[in-house]
Amino acid sequence: MSSDEIRAIELLSRVSYGRVATSMRAMPFVAPARHIVADGRVLLRMHRGLGYHRACNGSVVAYGADNFDSGAERIWSVQFTGTAEIVEPTAEEVSAFGPEPVRVDGEPFTPVFMRIEPQFVTVHELDYSGHQETATPAGQLAGGPAERPSGTSAEALPEAPPAERHLHHAA
């Protein structure tokens, strides 16, 4: 496993949700999904009722997650691109996902699980820790919300919940 793949898996273990992208009837779409990492592959839990799993199954997909809304000074984004397949997770994997939503768009949640075998992994990191705020002529601080995260102190990224941590590894 490359250093980028190891880093991406480590970062992915810090958040619970991301977005899966592929196309359905020649139209691109992006859908939210809950994830865990098991055996170096990304395992997704989605709502069966939306039908997105049918478009993903056997197709090349991209799955991305990030910490953009964390307020951290070190912002990261990872993307796993590979073939997705519908799978039956182990009891341990189902447990690692944690509680299921009760409803999705008003209908009862019915899970479907997909595994992505990554073929390409991308990691991007933006470091704002050395950013200095300077006064502008209008008295506003340079590097406002559009240019930097809202947090101004170095913040540690959260760890994965204990129920998930044991499934995350970079073998």
Look up atom [atom1] in [X] and atom [atom2] in [Y], then write down how far apart they are to the nearest 0.5 Å.
X	Y	atom1	atom2	value
S13	I36	OG	CD1	11.5 Å
T110	L50	OG1	CG	10.0 Å
E10	W76	CD	CH2	8.5 Å
D105	H47	CG	NE2	7.0 Å
R74	N67	CZ	CG	11.5 Å
M114	E85	CE	CD	10.5 Å

- Message: Going by salt bridge (Lys or Arg N to Asp or Glu O under 4.0 Å), name the pairs with one or both residues in residues 116-126, residues two or more places apart or in two chains.
- Response: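 Every salt bridge (Lys or Arg N to Asp or Glu O under 4.0 Å) pair that includes a residue of residues 116-126, provided the two are not neighbours, is R7-E125, R41-E117.
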- Contacts of type ring pair (Phe, Tyr, Trp, His ring centres under 6.0 Å), residue F80, not counting sequence neighbours: none
Taking side-chain contact (heavy atoms from CB on, under 4.5 Å) as the definition, give me every residue that meets it alongside [X], ordered by chain and number, with sequence neighbours left out.
X	value
T122	Q79, H124
P89	L43, E93, V94, F113
L126	I75, Y128
A31	V20, F29, M46, Y52

- Query: Do you know which two heavy atoms are closest between S77 and F68, and how far apart they sit?
  - Reply: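 Shortest heavy-atom separation between S77 and F68 comes out as CB-CZ, 3.9 Å.
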- At their closest point, which heavy atom of L12 faces which heavy atom of A65, and how far apart are they?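 Here L12 and A65 meet closest at CD1-CB, 3.4 Å.
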- Task: Determine, using the 4.5 Å side-chain heavy-atom cutoff (strictly less than), whether L11 and F120 are members of one ILVMFWY cluster.
- Result: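 No, it is not one cluster - the side chains of L11 and F120 are not joined through contacts under 4.5 Å.
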